[in-house]
> 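Dropping the structure in here first, questions after.
Throughout, residue positions are numbered sequentially from 1 according to the sequence presented.
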Amino acid sequence: QVQLVESGGGLVQAGGSLRLSCAASGSIFRINAMGWYRQAPGKQRELVAVISSGGSTNIADSVKGRFTIARDNAKNTVNLQMDSLKPEDTAVYYCKILYYSALTYGPYDYWGQGTQVTVSS
């Protein structure tokens, strides 16, 4: 069993900041990558930022320069620092991991339940 605990979502004014955290636990042998995706009402889910266990990152152009992703491999945790937030950043943010199971290897994808981020103008 794998669990992802997402935290840090909430309501913030435009120009403000939020910090999202995602902690993975369960029968995990190794996590190759952790990242954040988001889905706004009526829109497709899109990648926000992802980071590998080695530190390589991919960040969406729409948030580049405003969002920063970091990870703590020892704690199986990924953080997303979101600065200069805009109303168009409003969405449900989902944590996703690419991991190897301790029981069945893999790799496999696993998604969190999502945390709401709302940016007011």
> Side-chain contact, heavy-atom cut-off 4.5 Å: Arg38 with Lys43?
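No; the side chains remain at least 4.5 Å from each other.
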> Would you name the heavy atoms of Ala14 and Ser121 that are closest together and state the gap between them?
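So the minimum-distance heavy-atom pair works out to CB-CA, 4.4 Å.
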> Below 4.0 angstrom, N of the basic side chain to O of the carboxylate: do Asp61 and Lys64 qualify?
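Lys64 and Asp61: salt-bridged.
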> If you define the side chain from C-beta out and look only at heavy atoms, does anything of Val2 sit under 4.5 Å from Ile97?
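Val2 reaches Ile97 side chain to side chain.
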> Please find the pair of heavy atoms, one from Ala91 and one from Ala40, that lie closest to each other, and give the distance.
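Reported closest heavy-atom pair: CB-N, 3.8 Å.
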> Ignoring hydrogens and angles, tell me if any N or O in the side chain of Tyr93 forms a donor-acceptor pair with the backbone of Trp36 under 3.5 Å.
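Flag not set: sc Tyr93 to bb Trp36 has no pair under 3.5 Å.
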> So which atom in Leu4 and which in Gly112 form the shortest heavy-atom distance, rounded to 0.1 Å?
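So the two residues come closest at CD1-N, 3.4 Å.
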> Scan for disulfide (SG to SG under 2.5 Å) pairs involving residues 21-74, sequence neighbours excluded, and state none if there are none.
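Matches after skipping sequence neighbours: Cys22-Cys95.
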> Can you list every disulfide (SG to SG under 2.5 Å) pair that touches residues 25-86, not counting sequence neighbours?
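Those involving residues 25-86 do not exist here.
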> Measure the spacing between CE of Met34 and CG of Leu80 and express it to the nearest 0.5 Å.
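With rounding to 0.5 Å, CE (Met34) is 12.0 Å from CG (Leu80).
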> So, do Ser17 and Gln81 sit near enough that their side-chain heavy atoms are less than 4.5 Å apart?
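Contact flag for Ser17/Gln81 side chains = yes.
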> Would you name the heavy atoms of Ile31 and Ala24 that are closest together and state the gap between them?
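Nearest pair, atom of Ile31 first, then Ala24: CD1-CB, 3.8 Å.
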> Kindly write out the residues that satisfy side-chain contact (heavy atoms from CB on, under 4.5 Å) with Val12, not counting sequence neighbours, or none if the list is empty.
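Val12 satisfies side-chain contact (heavy atoms from CB on, under 4.5 Å) with Leu18, Leu85, Val119 only.
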> Checking Asp109 now: which residues fulfil side-chain contact (heavy atoms from CB on, under 4.5 Å) with it, not counting sequence neighbours?
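Per chain and number, Asp109 pairs via side-chain contact (heavy atoms from CB on, under 4.5 Å) with Lys96, Leu98.
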> Under the side-chain hydrogen bond (donor to acceptor under 3.5 Å, both in side chains) definition, can you give me all pairs with a residue in residues 67-80, not counting sequence neighbours?
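Counting only pairs at least two positions apart or across chains, the side-chain hydrogen bond (donor to acceptor under 3.5 Å, both in side chains) contacts touching residues 67-80 are Ser21-Asn79.
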> List for me each residue that meets side-chain contact (heavy atoms from CB on, under 4.5 Å) alongside Ala70, sequence neighbours excluded, and say none if there are none.
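So Ala70 forms no side-chain contact (heavy atoms from CB on, under 4.5 Å) with any residue.
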> Would one find more than 12 heavy atoms of other residues, nucleotides or ligands at under 6.0 Å from atom CD of Gln13?
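Counting other residues, nucleotides and ligands, CD of Gln13 stays at 12 neighbours or fewer.
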> What residues form a side-chain hydrogen bond (donor to acceptor under 3.5 Å, both in side chains) with Thr118, not counting sequence neighbours?
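Partners of Thr118 by the side-chain hydrogen bond (donor to acceptor under 3.5 Å, both in side chains) criterion, ordered by chain and then number, come out as Gln116.
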> Tell me the disulfide (SG to SG under 2.5 Å) pairs involving residues 61-91, sequence neighbours left out?
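Non-adjacent pairs meeting disulfide (SG to SG under 2.5 Å): zero.
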> Which atom pairs, donor and acceptor, lie under 3.5 Å between side-chain atoms of residues 99-106 and protein residues at least two apart or in another chain?
| unit_1 | atom_1 | unit_2 | atom_2 | d |
| --- | --- | --- | --- | --- |
| Ser101 | OG | Leu103 | N | 3.0 |
| Ser101 | OG | Thr104 | N | 3.2 |
| Thr104 | OG1 | Tyr108 | OH | 3.0 |

> Does any part of the side chain of Val117, heavy atoms only, come nearer than 4.5 Å to the side chain of Met82, both counted from C-beta?
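With C-beta onward as the side chain, the pair touches.
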> Please give the remaining members of the hydrophobic cluster of Val50, linking ILVMFWY side chains under 4.5 Å, ordered by chain and number.
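Members besides Val50, by chain and number: Tyr37, Leu47, Val92, Tyr94, Trp111.
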> Would one find more than 12 heavy atoms of other residues, nucleotides or ligands at under 6.0 Å from atom CD of Gln39?
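Enclosed.
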> Write out all pairs satisfying side-chain hydrogen bond (donor to acceptor under 3.5 Å, both in side chains) with one or both partners inside residues 24-33, taking only residues at least two apart or from two chains.
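Qualifying pairs: Arg30-Ser53.
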> Closest approach of Gly114 and Glu6, non-hydrogen atoms and distance?
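Scanning both residues completely, I find the closest heavy atoms to be N-OE1, 2.7 Å.
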> Tracing side-chain links under 4.5 Å among I, L, V, M, F, W and Y, which residues wind up in one group with Val5?
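When side chains under 4.5 Å apart are linked, Val5 ends up in no cluster with other residues.
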